[in-house]
*Asks:* 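Take this structure, written in structure tokens, and hold onto it; I'll ask about it next.
Computed over heavy atoms, backbone and side chain alike; hydrogens, waters and symmetry mates excluded. Keep in mind that what you see is a predicted model, and the values were worked out from it rather than measured. Throughout, protein chains are lettered first and strands after them, A, B, ... in sequence-line order, and every chain is numbered starting at 1.
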Protein chains: 2
Amino acid sequence: MKPKKIEKDTESRILDAAKRIFIRKGLDGARMQEIADEAGINKALLHYYFRSKEKLFLTIFREELRNFFPRLFPVLLSKDLTPEMKIRHFVENYIDLFIKEPFLPAFVLREVNRNPSIVAQFIGEAGIEPEKLRNLLDVFATELNLTMNEMLHLMVTIVSACIFPFAGKPIIKQVLFDDNEGDYQKFLNHRKTYVADFVIHSLKGRLLK
Amino acid sequence: MKPKKIEKDTESRILDAAKRIFIRKGLDGARMQEIADEAGINKALLHYYFRSKEKLFLTIFREELRNFFPRLFPVLLSKDLTPEMKIRHFVENYIDLFIKEPFLPAFVLREVNRNPSIVAQFIGEAGIEPEKLRNLLDVFATELNLTMNEMLHLMVTIVSACIFPFAGKPIIKQVLFDDNEGDYQKFLNHRKTYVADFVIHSLKGRLLK
DNA sequence: TAAATAATTAACCATATGGTTAAACTATGC
DNA sequence: GCATAGTTTAACCATATGGTTAATTATTTA
């Protein structure tokens, strides 16, 4: 029952450590020494497993970009959900994801703005196919009786409403909740139903034009 | 007609250069040499005018934080605007601001996440008074027949919808617009009316519950 | 078990970077 | 014209940082 190989364990220790450090500090702010310390290993070992900081970073980034992207296909294609339920599911799952990974939004936004070409570079590997996604949105637009343009705005609005509360946490918490973490967390929990309600009301409200 | 003093000019040249570099690259990514080059001066001169990178950065950040914060008081307190018009004004002005300063949202979000305490530290100097702001929102909530909780969500939702399209530009442009800058810009312009409409529909839609 | 291979470390290296110094240059006041 | 204070520069410094090397210690394999 002796552990045969430590290497595999070391690799995942490195990945865990790198993830924690990179997500909080970004590529520019992270130090290889810091990651080594966090993983409890020698700095040279980092370069033994991942040749360079860049390589290690991209390994982490690819994975986190995949997490970041909402997996719309299963929800939107479901036949036994009303449009309203699809929206509720989406919002709830997406906000829950960020409650579990609160630093993910700020991390991804920071890195794609540092180097925008990284998006095109990794979008495929992150399991996103823009064309298929746009087709999907087109179908959903029809279902909701929206133009594709309106659908794109709707999508961006929903995603914004889910992501910004996390990416803007320091500001929101300070300005709206007097730096009270508990109040801010309560706000996040309410938000799952609030955003869905808000969107659904808006779609209904169009009828009142 | 000879220029009497160059000094003042030098200082503003430095500030302009620092602003450009810091906003695009952040504190961690920016290099003092780069800022000096951008300003067309010697690196030592940077330290002559602003003792350290940190000091120079904070000078820029303070100013940009002030820009970033929506100036709600004049709009929300106006007596001759309907709530609907207040929302329309706010959204249009806020999005227009970011069309002029497209890197501002990503910059502020990056830096407040790098060092959250910077918000509390500079919120006063940026001309924001959280208490007064919350009072203002309370009044507006009454005007709209909303609870304070709903008002906070509404506020965050509107701000999210304005900011995220800029902070998330690399992703949105790539995924939704196949990397076409023109399409993305058109989207931003539509967005001014779309977001306002969306919010107003939602408030009306509540009646259809 | 001995050779071969993989994992790990301490010490090192080259370069980049924020920051300093001392000297030179410029304008201004007397 | 000269002294003084303010401005600008080239050269320099200490340190941090990503990365490498060579030796050491497991682990595998024949």
*Asks:* Side-chain N or O of A:Arg51 versus OP1/OP2 of D:dG19: is the shortest distance under 4.0 Å?
*Replies:*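 No, because none of the side-chain N or O atoms of A:Arg51 sits under 4.0 Å from OP1 or OP2 of D:dG19.
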*Asks:* Distance-only, no hydrogens or angles: does the B:Lys86 side chain make a donor-acceptor pair with backbone N or O of B:Leu76 under 3.5 Å?
*Replies:*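 Looks like yes, one N/O pair under 3.5 Å.
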*Asks:* Whole angstroms only, please: what is the CE-P distance between A:Met32 and D:dG18?
*Replies:*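 It is 7 Å, rounded to the nearest whole Å.
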*Asks:* I need the OH-P distance between A:Tyr49 and C:dA6, as an integer number of Å.
*Replies:*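 Interatomic distance, OH of A:Tyr49 to P of C:dA6: 12 Å.
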*Asks:* Check whether any side-chain N or O of A:Thr10 sits under 4.0 Å from OP1 or OP2 of C:dT8, and answer yes or no.
*Replies:*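 Yes, such a contact exists.
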*Asks:* Answer yes or no: is there a donor N or O on one side and an acceptor on the other, between the side chain of B:Tyr184 and the main chain of B:Pro170, under 3.5 Å?
*Replies:*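 No; judged by distance alone, with no hydrogens or angles, the pair does not exist.
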*Asks:* Residues from residues 34-48 of chain A sitting under 4.0 Å of DNA chain D, heavy atoms only?
*Replies:*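 Result for residues 34-48 of chain A: A:Lys43, A:Ala44, A:His47, sorted by number.
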*Asks:* Rounding to a whole Å, what distance do you find between A:Ile14:CD1 and C:dA7:P?
*Replies:*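 A:Ile14 atom CD1 is separated from C:dA7 atom P by 11 Å.
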*Asks:* Could you state the atom-to-atom distance from CD of B:Gln33 to P of D:dA11 in whole Å?
*Replies:*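 Value for this atom pair: 13 Å.
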*Asks:* Just to verify, which of A:Phe103, A:Phe98, A:Phe107, A:Phe68 counts as forming a ring-ring contact (aromatic ring centres under 6.0 Å, His included) with A:Phe166?
*Replies:*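 Result for ring-ring contact (aromatic ring centres under 6.0 Å, His included) with A:Phe166: A:Phe98.
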*Asks:* Figure out the CG/C1' separation between B:Asp9 and C:dT26, and round it to whole Å.
*Replies:*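 Distance, rounded to whole Å: 16 Å.
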*Asks:* Just how far, in rounded Å, is P of C:dG19 from CG of B:Leu56?
*Replies:*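 To the nearest whole Å, that distance equals 10 Å.
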*Asks:* B:Arg110 side chain to B:Ile23 main-chain N or O, any donor-acceptor pair under 3.5 Å?
*Replies:*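 Such a contact is found between B:Arg110 side chain and B:Ile23 backbone.
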*Asks:* Can you name the residues that form a ring-ring contact (aromatic ring centres under 6.0 Å, His included) with A:Phe22, not counting sequence neighbours?
*Replies:*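 A:Phe57.
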*Asks:* Please enumerate all residues that pass ring-ring contact (aromatic ring centres under 6.0 Å, His included) together with B:His153, with sequence neighbours excluded.
*Replies:*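 Once residues adjacent in sequence are excluded, the partners of B:His153 under the ring-ring contact (aromatic ring centres under 6.0 Å, His included) criterion are A:Phe187, A:Tyr194.
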*Asks:* Between B:Ile21 (CD1) and C:dT17 (P), how many Å, whole number?
*Replies:*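 The answer, rounded to whole Å, is 13 Å.
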*Asks:* Within this structure, what is the CG-to-P distance between A:Leu27 and D:dT17, rounded to whole angstrom?
*Replies:*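 Rounded to the whole Å, the gap is 14 Å.
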